[in-house]
Chemist: 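Starting off with a structure, shown below.
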Amino acid sequence: MKNNDVVQLLNEMAVLLEIQGTDKFKPKAYSRAARSIASLGEDIEAIAARGELTGIPGVGKSLADKIDAYLKTGSINQLEQLRKEIPVKVRELDAIPGVGPMTMKLLYENLGITDLESLEKAVKEGQLKGLKGIGQKTVDQISEGIQLARAGFGRTLLANAFPIVEGIQASLREIQGVRKITIAGSFRRRKETIGDIDVLVVTDEAEQLMNAFVHLEGVADVLAHGPTKSSVRLASGIQVDVRVLPADSYGAGLQYFTGSIDHNVHVRTIAQKRGLRLSEYGLYRGDEQVAGREEDAIYSAVGLDYIEPELREDKGEIEAAQHHELPKLIELKHIRGDLHTHTDKSDGANSIEEMLDAAARKSYEYYCISDHTKSLTIARGMTEEQILASISEIDEFNSSGRWKMRVLKGAEVDILSNGNLDISDEVLQQLDVVTASVHSKMKDTKEAITDRVCAAIQNRHVDILGHPTGRLLLKRSEYEVDLERVFETARASGVIMELNSHPERLDLNDGNLRAAKRYGLKIAINTDAHRIGELDNMQFGVFQARRGWLEAKDVINTYPLKEMIKLLRK
DNA sequence: GCCGTTTTCGGCCCGACTGTTTTCAGTCG
């Protein structure tokens, strides 16, 4: 997927245009488009192929042409031209906190600095001090920033942010005067990875809170320390921002700090058109506060239905809210079972009984055991004989009455490089749920992988396509696959797409879930649990499903057993 | 460069903090 490349190029152009300084708003338009594409989820090449680039918020005719040019030729003329005029390695310098376009311009024009290396040299030789607006503190900040840029402070998996957030909340709660603590930002929007943690606090003792906050255990660096806004970097690298607001502004603050930025800009523009002004302090007509204490009152005062945080990406949710057409999002309580789980019969850590006991504690109505199959030797995949033995075992479990829920017989079969499955049809037809997944040759061409997947899901025994893009967040990008063709084939064959809930997978992602829904496909939210604790990952799948605008009816494992079975292929 | 219950031109969200300044520009979210 080239989405990230396009994002980087547009961001680079935004900075270069800002350095050029001819038009104040053009760079903003480029950044906006970049953000919009960054949060797409869907493959931008697929969108371009449909000729729908201008359907992306913030992308008009001119940017669509540039993106097209990049996808076709690998370069954008205007960008090459800009790079010639201003040979600053924007992407390198932009990674330094506190250094923006104006600083880059100053450094380039006065000292000829174009990259991290030449900047570091200039700092060491003491050339920076004396430049207009640069004092010792700025030099120190840049010096530290160079190290940070080199270290590359990345994003954090949503699941990994949970314990950090809990720790912060517990510490802040102890501080005198604190009345309310809420985590906003991308964490509240349940994005698959988060860049920082935004904490909103209502307190009677703002100064005391901020002093305590910047001295919390684990704080490595204080980036800002004011009476209403402070910012630190933890030793773990993650940045935490705290905002203090009066109780009367709590709802407005929550709305504002939950974002996303594009969602906020859009809502504020609507407020403006109604003669109102919206900030984190409230919604105002002149000096009079119209709303502010409650978040939902902000939305209703500007004519919008309440928008769930997971939808706040300015991807059509505001228009839907105006027309009372928002989806009624799926919730964890709707889930009646898990259709993709492992045991120690393949590469799981727990026995089948241990997994079933744990699943039963979740009051599931059904639960499917789906261990790997033989060609995945690294996972000790099961042979046909072993699967047959496991089928008898599960039959016995079901008749024993030991577990109230129905135990379903399944397998996660391997899609071989020729598109065949590694288990015979005779065995597959005896299973209740067959999930087919790609685990090998992920670097094949797009055409080869797409052919392979499409061939596999046309096998009439396949019910679910497992983790359809194979990505591992922050580790491995998705394999090249034409999802449109896969969705088309799945629709024709009645195959269900998996939303794998593992925090590193969350595959399909939000944008692709929406695309799958457009194709009329049903989704199965599964944990792919390899140990008891991972059964709890179901919540992350549900978060992602919500970001993909899914309702309970779109997800097969929200249906009662009999209806769910009917939704599977015959 | 984008965009439209003020529309195809003329707008473009809003505020906090910092460092370097005597009133503000730059950066960030």
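All chains are named by letter (A, B, ...) in the order of the sequence lines, taking the proteins before the strands, and each is independently numbered beginning at 1. Keep in mind the model is a prediction, meaning the values are calculated, not measured.
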Chemist: Tell me every residue that passes side-chain contact (heavy atoms from CB on, under 4.5 Å) with A:D115, counting only those two or more places apart in sequence or in another chain.
Modeler: A:K89, A:E92, A:E117, A:S118
Chemist: Considering residues at least two apart in sequence or located in another chain, which fulfil the side-chain hydrogen bond (donor to acceptor under 3.5 Å, both in side chains) criterion with A:T156?
Modeler: none
Chemist: With rounding to whole Å, what would you report as the distance between B:dG19 and B:dC9 at their P atoms?
Modeler: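 Going atom to atom, P in each nucleotide, I get 47 Å.
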Chemist: For A:K475, what residues pass the salt bridge (Lys or Arg N to Asp or Glu O under 4.0 Å) criterion, not counting sequence neighbours?
Modeler: A:E504
Chemist: How is A:Q136 classified with respect to the nucleic acid when contacts are heavy atoms under 4.0 Å: base, sugar-phosphate, or nothing?
Modeler: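 The answer is sugar-phosphate, as A:Q136 gets under 4.0 Å only of primed atoms, P, OP1 or OP2.
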Chemist: Going by the rule side-chain contact (heavy atoms from CB on, under 4.5 Å), which residues pair with A:Q322 if we only count those two or more places apart in sequence or in a different chain?
Modeler: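 Scan of A:Q322 (side-chain contact (heavy atoms from CB on, under 4.5 Å), adjacent residues dropped) gives A:I270, A:L304, A:E319.
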Chemist: Tell which nucleotide pairs with B:dT8, taking only Watson-Crick or G-U wobble pairs whose two distances are both under 3.5 angstrom.
Modeler: none
Chemist: Can you give me every donor-acceptor pair (side chain of residues 4-21 of chain A, partner residue at least two apart or in another chain, under 3.5 Å) with its distance?
Modeler:
from: A:N11; atom 1: ND2; to: A:V7; atom 2: O; distance (Å): 3.4
from: A:E12; atom 1: OE1; to: A:R83; atom 2: NH2; distance (Å): 2.9
from: A:E12; atom 1: OE2; to: A:R83; atom 2: NE; distance (Å): 2.8
from: A:E12; atom 1: OE2; to: A:R83; atom 2: NH2; distance (Å): 3.4
from: A:Q20; atom 1: NE2; to: A:E85; atom 2: OE1; distance (Å): 2.9

Chemist: Which nucleotides of nucleotides 11-18 of chain B have their base under 4.0 Å from a protein heavy atom (B), which only their sugar-phosphate (S), and which neither (-), written as one string 5' to 3'?
Modeler: -BBBSSSS
Chemist: Could you state the CG-P distance from A:D262 to B:dC3, rounded to the nearest angstrom?
Modeler: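 Distance, rounded to whole Å: 11 Å.
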Chemist: Begin from the C-alpha positions of A:E144 and A:R233 and carry the test salt bridge (Lys or Arg N to Asp or Glu O under 4.0 Å) through to its verdict.
Modeler: CA-CA 13 Å; A:E144 278 176 43; A:R233 184 162 18 249; over 6 Å; no
Chemist: Please measure how far the C1' atom in B:dT18 lies from the corresponding atom in B:dT22, and state the result in whole Å.
Modeler: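 That atom pair is separated by 16 Å.
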Chemist: Pick the C1' atom in B:dC3 and in B:dC13, then give their distance to the nearest Å.
Modeler: 15 Å
Chemist: Using a cut-off of strictly less than 4.0 Å between a heavy atom of the residue and any atom of DNA chain B, enumerate the qualifying residues of residues 113-132 of chain A by number.
Modeler: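 Residues of residues 113-132 of chain A under 4.0 Å from DNA chain B: none.
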Chemist: Let me have the donor-acceptor pairs involving side chains of residues 169-181 of chain A, under 3.5 Å, with sequence neighbours excluded, atom names and distances please.
Modeler:
from: A:S171; atom 1: OG; to: A:G167; atom 2: O; distance (Å): 2.9
from: A:R179; atom 1: NH1; to: A:D204; atom 2: OD1; distance (Å): 2.7

Chemist: Between A:G135 and A:G275, which is nearer to the 5' end of DNA chain B once each is assigned its nearest nucleotide?
Modeler: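 The 5'-side residue here is A:G275.
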Chemist: Scan side-chain atoms only and decide if A:Y299 and A:Q255 contain a donor-acceptor pair under the 3.5 Å cut-off.
Modeler: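 A:Q255 and A:Y299 do have a side-chain donor-acceptor pair below 3.5 Å.
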Chemist: Does the side chain of A:K66 come under 3.5 Å of the side chain of A:S62 through a donor N or O and an acceptor N or O?
Modeler: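 Yes - a donor-acceptor pair under 3.5 Å links their side chains.
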Chemist: Taking side-chain contact (heavy atoms from CB on, under 4.5 Å) as the definition, give me every residue that meets it alongside A:S36, ordered by chain and number, with sequence neighbours left out.
Modeler: A:I56, A:P57
Chemist: Measuring only the P atom in each nucleotide, how far is B:dT6 from B:dC12? A whole number of Å is fine.
Modeler: 14 Å
Chemist: With respect to the phosphate group of B:dG1, does any side-chain polar atom (N or O) of A:S62 fall under 4.0 Å of OP1 or OP2?
Modeler: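 It does, given that an N or O in the side chain of A:S62 lies less than 4.0 Å from OP1 or OP2 of B:dG1.
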Chemist: Say we look at B:dT20 and B:dG26: how far apart would their C1' atoms be, to the nearest angstrom?
Modeler: 11 Å
Chemist: Under 4.0 Å between any heavy atoms, over every strand shown, what does A:S231 touch: base, sugar-phosphate, or nothing? Just pick one.
Modeler: nothing
Chemist: Enumerate donor-acceptor pairs with a distance under 3.5 Å from any side-chain N or O in residues 542-551 of chain A to protein atoms, sequence neighbours excluded.
Modeler:
from: A:Q544; atom 1: NE2; to: A:E192; atom 2: OE1; distance (Å): 3.0
from: A:Q544; atom 1: NE2; to: A:L506; atom 2: O; distance (Å): 3.4
from: A:R546; atom 1: NE; to: A:E310; atom 2: OE2; distance (Å): 2.7
from: A:R546; atom 1: NH1; to: A:I330; atom 2: O; distance (Å): 2.9
from: A:R546; atom 1: NH2; to: A:E308; atom 2: OE1; distance (Å): 3.4
from: A:R547; atom 1: NE; to: A:D510; atom 2: OD2; distance (Å): 3.4
from: A:R547; atom 1: NH1; to: A:R189; atom 2: O; distance (Å): 3.0
from: A:R547; atom 1: NH1; to: A:E313; atom 2: OE2; distance (Å): 3.1
from: A:R547; atom 1: NH2; to: A:E313; atom 2: OE2; distance (Å): 3.2
from: A:R547; atom 1: NH2; to: A:D510; atom 2: OD2; distance (Å): 3.2

Chemist: In whole angstrom, what separates A:D140's CG from B:dG19's C1'?
Modeler: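 Spelled out: CG on A:D140 to C1' on B:dG19 is 12 Å.
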Chemist: May I ask you to say what A:K105 touches in the nucleic acid, namely base, sugar-phosphate or nothing, with a heavy-atom cut-off under 4.0 Å?
Modeler: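 Counting heavy atoms under 4.0 Å across all strands, no contact is made by A:K105.
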Chemist: A:Q127 and side-chain hydrogen bond (donor to acceptor under 3.5 Å, both in side chains): which single residue from A:K129, A:K124, A:E125 fits?
Modeler: A:E125
Chemist: Calculate the interatomic distance between A:L79 atom CG and B:dG1 atom P; express it in whole Å.
Modeler: 13 Å
Chemist: Applying a 4.0 Å non-hydrogen cut-off, can you work out what A:V59 is touching in the nucleic acid: base, sugar-phosphate, or nothing?
Modeler: sugar-phosphate
Chemist: How far, in whole Å, is B:dC14 from B:dT8 if one measures between their P atoms?
Modeler: 23 Å
Chemist: At a heavy-atom distance below 4.0 Å, what parts of residues 244-252 of chain A sit against DNA chain B?
Modeler: none
Chemist: Could you check how far CD of A:E18 sits from C1' of B:dA25, rounded to whole Å?
Modeler: 12 Å
Chemist: Find the distance A:I19:CD1 to B:dA25:P and express it as a whole number of Å.
Modeler: 19 Å
Chemist: Look at A:Q239 and B:dG29 and indicate whether a side-chain polar atom (N or O) is within less than 4.0 Å of OP1 or OP2.
Modeler: yes
Chemist: Rounding to the closest angstrom, what is the interatomic distance between B:dT21 and B:dA25 at atom P?
Modeler: 14 Å
Chemist: In whole Å, what is the span from the CD atom of A:E313 to the C1' atom of B:dG29?
Modeler: 14 Å
Chemist: Which whole-number value in Å describes the distance from A:L106 CG to B:dG19 P?
Modeler: 17 Å
Chemist: With heavy atoms under 4.0 Å as the rule, sort A:K24 into base, sugar-phosphate or nothing.
Modeler: nothing
Chemist: Roughly how many Å is it from CD1 in A:I37 to P in B:dC2, rounded to a whole number?
Modeler: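 Computing the A:I37:CD1 to B:dC2:P distance gives 11 Å.
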Chemist: Applying side-chain contact (heavy atoms from CB on, under 4.5 Å), name anything that partners A:R285, two or more places apart in sequence or on another chain.
Modeler: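 Per chain and number, A:R285 pairs via side-chain contact (heavy atoms from CB on, under 4.5 Å) with A:L276, A:E288, A:V290.
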